[in-house]
Undergrad: 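Shown below is the structure under consideration.
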Amino acid sequence: MMVTTKPKLSVNINKFATLRNSRGHDNPNVLQAALDAIGFGAHGITVHPRPDERHIRRTDVYDIARALKDHPEIEFNIEGYPSEDFLAMVCEVAPHQCTLVPDPPEALTSNAGWQVAPNRTLLGETTARLRAAKVRVAVFIDPNATAPDELRILKELGVDRIELYTESYAHAFGTPRQQAALEPYLAVAGWAGEHGLGLNAGHDLNLDNLTFLLRAIPAIAEVSIGHALVCDALRVGYQESVRQYLARL
Ligand SMILES: CC(=O)[C@@H](O)[C@H](O)COP(=O)(O)O
Ligand SMILES: NCC(=O)COP(=O)(O)O
């Protein structure tokens with residue numbers, strides 16, 4: 001019998017920082033939002049410091065990293081484009097995981113996975129640098145736009161995990177296209193499993209679409225969820241929102 005462990009929930013707290021920055025003071029306190037998520041049972045914290053610091057600031061990254069030293073069981077995942085500034089900060093902080101995302105500075109949100117072959121050198125150099133800093137490397141991949149031989153490149157570069165960019169799945173969920181939208185994810189997951197690449201998933205996951213994905217792809221080790229979880233928190237409260245997502249795993 002195949003034994004699969006339940007996936008971990010990493011709460012992305014970008015949106016708490018969006019709210020904080022909207023008034024220029026320190027409410028809500030972003031570090032407290034991370035500690036609250038941990039207290040409510042989250043397995044990890046994800047942040048995505050963007051170059052314009054529209055939400056998560058560099059100072060937030062250092063504050064959270066420092067606080068998580070008191071919570072060694074909690075994984076810290078820093079997402080972002082591997083600019084020199086970003087990489088220097090990540091290597092200094094040395095989180096459990098860094099998820100490489102191809103977002104240009106002006107992107108409204110993450111809206112594509114990596115084109116692996118054209119970015120082979122960047123991804124290879126970045127992966128080597130992060131692994132030297134003992135940081136697990138995940139690469140944001142859109143299964144609709146990634147051929148298996150591109151995944152082979154990631155394996156050759158020493159990447160640890162693929163993060164499945166789940167927007168297209170999420171937007172098809174609940175429509176007649178639901179199963180068809182899942183097929184590319186199943187193909188990438190199958191290749192990853194055969195070649196020893198781990199799997200994460202994230203973007204636009206919510207209380208409705210999460211469980212179906214996890215039952216279809218039981219190898220998913222971690223889901224990082226932020227936007228919908230925070231929107232749900234505005235409706236039912238933060239602790240109840242985290243509880244409901246944990247119950248969907
Ligand atoms: C990589 C990804 O899909 C999300 O984690 C991303 O961090 C969302 O960024 P915003 O919160 O800036 O929309
Ligand atoms: N990697 C996905 C993530 O961290 C959160 O994405 P979203 O739930 O805010 O869409």
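The structure presented is a predicted model; accordingly, all values stated were derived computationally and were not measured. One-based numbering along the sequence shown. Ligands are counted one by one from 1 in listed order, and the atoms in each one are counted from 1 as well.
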Undergrad: Report yes if some heavy atom in the side chain of E163 is under 4.5 Å from a heavy atom in the side chain of H203; otherwise report no.
TA: no
Undergrad: Nearest to atom 3 (C) of ligand 2, what protein heavy atom do you find, and at what distance?
TA: S224 O, 3.3 Å
Undergrad: Using a strict cut-off of less than 4.0 Å between a Lys/Arg side-chain nitrogen and an Asp/Glu carboxylate oxygen, indicate whether E194 and K155 qualify as a salt bridge.
TA: no
Undergrad: Is any N or O atom of K15, backbone or side chain, closer than 3.5 Å to an N or O atom of ligand 2?
TA: no
Undergrad: Closer than 4.0 angstrom, basic N to acidic O: yes or no for R54 and D52?
TA: yes
Undergrad: In ligand 2, which numbered atoms sit nearer than 4.0 Å to a non-hydrogen atom of E163?
TA: 1 (N), 2 (C)
Undergrad: With a 4.0 Å cut-off on heavy atoms, is E167 in contact with ligand 2?
TA: no
Undergrad: Students should be able to answer this: which protein heavy-atom is nearest to atom 10 (O) of ligand 2, and at what distance?
TA: D204 N, 2.8 Å
Undergrad: Taking atom NE2 of H227 as the centre, does the number of heavy atoms from other residues, nucleotides or ligands within less than 6.0 Å exceed 12?
TA: no
Undergrad: Does any donor atom in the side chain of T46 or N12 lie under 3.5 Å from an acceptor atom in the other side chain?
TA: no
Undergrad: Tell me whether R66 is salt-bridged to D63, with the criterion being a basic N under 4.0 Å from an acidic carboxylate O.
TA: yes
Undergrad: Regarding S168 and N144, do their side chains bring together a donor and an acceptor under 3.5 Å, going by distance alone?
TA: yes
Undergrad: Could you check whether any heavy atom of L205 sits closer than 4.0 Å to an atom of ligand 2, since that is the contact criterion I want to use?
TA: no
Undergrad: Which heavy atom of the protein is the closest neighbour of atom 4 (O) of ligand 2, given with residue, atom name and distance?
TA: N12 ND2, 2.8 Å
Undergrad: Under 3.5 Å, is there a donor on one side chain and an acceptor on the other for N21 and R57?
TA: yes
Undergrad: When you compare the side chain of E125 with that of R129, does any pair of heavy atoms fall below 4.5 Å?
TA: no
Undergrad: Is it the case that ligand 2 has an N or O less than 3.5 angstrom from some N or O of G226?
TA: yes
Undergrad: Could you walk me through whether Y238 and F40 pass the ring pair (Phe, Tyr, Trp, His ring centres under 6.0 Å) test, one step at a time?
TA: CA-CA 8 Å; Y238 189 21; F40 301 153; 5.2 Å; yes
Undergrad: Which residue holds the protein heavy atom closest to atom 6 (O) of ligand 2, what is that atom called, and what is the gap in Å?
TA: H203 CA, 3.7 Å
Undergrad: Going by the atom numbers of ligand 2, which of them fall below 4.0 Å from some non-hydrogen atom of G202?
TA: 2 (C)
Undergrad: Who passes ring-ring contact (aromatic ring centres under 6.0 Å, His included) against H195, sequence neighbours left out?
TA: W191
Undergrad: For Q115, is the CD atom crowded, meaning more than 12 foreign heavy atoms sit under 6.0 Å from it?
TA: no
Undergrad: Would you check whether T46 has a nitrogen or oxygen atom less than 3.5 angstrom from a nitrogen or oxygen atom of ligand 2?
TA: no
Undergrad: At what distance is the nearest protein heavy atom to atom 9 (O) of ligand 2, and which residue and atom is it?
TA: H227 N, 2.8 Å
Undergrad: Tell me which residues fall inside the under-4.0 Å heavy-atom shell around ligand 1.
TA: N12, N14, K15, H48, R50, H55, E79, T109, S110, F140, H203
Undergrad: Which part of E79 is near ligand 2, with near meaning a heavy atom under 4.0 Å away: side chain, backbone, both or neither?
TA: side chain
